Undergrad: 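The structure that follows is given in the form of structure tokens.
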2 protein chains.
Amino acid sequence: MTDRGELKTQKAPHPASTRRSQAAPGRRQSNKLDKLNRIKAAARQLFVSQGFDDTTVREIATRAGVGLGTLFSYSLNKRDLLFLLGNDSLDEVAEKAGAGLDPKARLADNLRGIFGAHYAFFASEPVLARLVLREMTFYDSGAQAQRFRVIRQRVIDHVAGALALAIASGEIAGREDIAFDAWVLFAIYQVELRAWLAACAPDCAPDLAMGLQRLERALKVCIGGLR
Amino acid sequence: MTDRGELKTQKAPHPASTRRSQAAPGRRQSNKLDKLNRIKAAARQLFVSQGFDDTTVREIATRAGVGLGTLFSYSLNKRDLLFLLGNDSLDEVAEKAGAGLDPKARLADNLRGIFGAHYAFFASEPVLARLVLREMTFYDSGAQAQRFRVIRQRVIDHVAGALALAIASGEIAGREDIAFDAWVLFAIYQVELRAWLAACAPDCAPDLAMGLQRLERALKVCIGGLR
DNA sequence: GGTTAAACTTGAACATGTTCAATAATGATG
DNA sequence: CATCATTATTGAACATGTTCAAGTTTAACC
């Protein structure tokens, strides 16, 4: 199992002889896109309805209408397939969360905006969310794991942005290392999020308001300090 | 795979007819203990030398000198076997960490004592530590997962103890909910620990001093507050 | 010792993620 | 269109975690 985290095929259309290689959709490309979408849809439905462990790759392949082996030329392995779904959603959420920063808002409200967007997503797709969070926290190989790290860093940058705004508005004092402070706040968010999702049974929807309230309280401990 | 998290056998010696059931070692019990120890030793050696994924349960069984099926009457599954090893160590470490609390020490030093003991353990067995941390953070079923949660709570209680001492000595102001503050500090520890262990290649020993320094800095952000 | 029931052990059988050699589809070139 | 090289698809074969019905060992009781 010397997994080097790469997909085998996936080459650029053609190295030499690029006569009309500009915008020809081509049967090949559109077929591939179609298959990828079918695979994603099938995986999503099955993961959500049966859970990650109880869904077999054979089921996914059948429902997507592709051969078993084909799955593994679209994703490195079963877990990476889950990441693919999760990243698509997280990407959107992170984008939205960052766009909502308001220079006139208070720090706590901007943080609530960033983390709240994520909480809302996790609440709206609790099953998938739990799966993604569980599987993603530790596995670092594969294209999707890499993509996940990039998205996460963007969220941390948004937190740093919120801190910068709070400093600019005079709400908090100038800090030595905003990026580090953002990292600490993000750490609290991560652990709170996990605890929130783990708090209720695997298939019940978590209580968004209650979760956010607890998170806010935890963040305030850090913002206010213990002294 | 309707895993209910229980071992099948494992009954009390004998419900009825307890004539001399007080202190007879009995072939049965000592055999079982012996086997458990052989299994633990085999698993530890193999996990450390080859990693978790690349060690097969068949290898473990062979090296322990038991049948394949026997493994699964000593631990629910492969992962639980890893937890068994990890918990044995973590239990000791948590005990030691809690005993080191010093009423006359400053908060930062008491926290360094608690978390430092853990960092030292993770540094001394980096391979096993990484595995345990990776696998344990999310899996909640099985006897060992339960035991892990108990140990973790004990560590959080120690942090709360350190906070109580700091309040008693006047270092920090009285707080509304010490247990919650402890939880926040522990959250920072958790994320820092993971980042520290992930920072270097899978088989290199992490730098203890550097990790602790970063953790201390993160904790200080929270203790001091951002204002 | 002999009998019996409970507890323990075992590996063949099973389920499922993953690989890979063979096959088919595609599209560039003549 | 015919040919050919490249790329995509496929499922049989493999590897390995887990189960379980059958066999073995233990020890309580006579």
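What you see is a predicted model, and the numbers here were worked out from it, not measured in a lab. Values below: every heavy atom of this structure, side chains too, minus hydrogens, waters and symmetry copies. Per chain, numbering begins at 1; letters A, B, ... match sequence-line order.
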Undergrad: Using the side-chain heavy atoms of B:L68, tell me which of these nucleotides is nearest: C:dG17, D:dT18, D:dA12.
TA: D:dT18
Undergrad: Could you state the atom-to-atom distance from CZ of B:F72 to C1' of C:dA7 in whole Å?
TA: 20 Å
Undergrad: Salt bridge (Lys or Arg N to Asp or Glu O under 4.0 Å), that's the test. Do B:D88 and B:R147 meet it? Break it down for me.
TA: CA-CA 10 Å; B:D88 285 352; B:R147 194 176 148 214; 2.9 Å; yes
Undergrad: Return the value, rounded to whole Å, for the distance between atom CD of A:Q29 and atom C1' of D:dT6.
TA: 15 Å
Undergrad: Think A:K32 has a side-chain N or O under 4.0 angstrom from the OP1 or OP2 of D:dA8?
TA: yes
Undergrad: Considering only C:dT18, D:dT10, D:dG17, which nucleotide approaches the side chain of A:V66 most closely?
TA: D:dT10
Undergrad: Measure CG/B:L81 against P/D:dT18 and give the value in whole Å, please.
TA: 10 Å
Undergrad: Pick the nucleotide of DNA chain D nearest each of A:R58 and A:G65; which residue has the one closer to the 5' end?
TA: A:G65
Undergrad: Can you tell me the distance, in whole Å, between the CG atom of A:N77 and the P atom of C:dT18?
TA: 5 Å
Undergrad: Atom CG of A:L71 to atom C1' of D:dA8: distance rounded to whole Å?
TA: 14 Å
Undergrad: Between the protein and nucleotides 23-25 of chain C, are there any N/O to N/O pairs under 3.5 Å, and if so, what are the atom names and distances?
TA:
| residue | atom | partner | partner atom | Å |
| --- | --- | --- | --- | --- |
| C:dA25 | N3 | A:R28 | NH2 | 3.2 |

Undergrad: Indicate the atoms forming the closest heavy-atom contact of A:S89 with A:E125, along with that distance.
TA: OG-OE2, 4.2 Å
Undergrad: Under 4.0 Å between a side-chain N or O of A:Y74 and OP1 or OP2 of D:dA8?
TA: no
Undergrad: Counting only N and O atoms by type, is there a donor-acceptor contact under 3.5 Å from the side chain of A:W183 to the main-chain atoms of A:A160?
TA: no
Undergrad: Checking all strands, does A:S75 fall into the base, sugar-phosphate, or nothing category for heavy-atom contacts under 4.0 angstrom?
TA: nothing
Undergrad: Identify whether any heavy atom of A:T70 sits under 4.0 Å from a base atom; if not, whether one sits that close to sugar-phosphate; answer base, sugar-phosphate or nothing.
TA: base
Undergrad: Can you give me the closest heavy-atom contact between A:L212 and A:R112, atom names plus distance?
TA: CD1-NH1, 3.9 Å
Undergrad: Without decimals, in angstroms, what is the distance between A:D53 CG and C:dT16 P?
TA: 11 Å
Undergrad: Could you tell me which non-hydrogen atom of B:L90 sits nearest to which non-hydrogen atom of B:I151, and how far apart they are?
TA: O-CG2, 4.0 Å
Undergrad: Using whole Å, report how far CZ of A:R38 lies from P of D:dA8.
TA: 15 Å
Undergrad: For A:R217, what residues pass the salt bridge (charged side-chain N to carboxylate O under 4.0 Å, His left out) criterion, not counting sequence neighbours?
TA: B:D177
Undergrad: Can you sort out the partners of A:R194 under side chain to side chain donor-acceptor pair (under 3.5 Å), two or more places apart, ordered by chain and number?
TA: none
Undergrad: Quick check on C:dT18: is either OP1 or OP2 less than 4.0 Å from any side-chain nitrogen or oxygen of A:K78?
TA: no
Undergrad: Quick one: on DNA chain C, does A:T56 or B:G69 contact a more 5' nucleotide (nearest heavy atom)?
TA: B:G69
Undergrad: Can you tell me how far C1' of C:dG17 sits from CG of A:L76, to the nearest Å?
TA: 12 Å
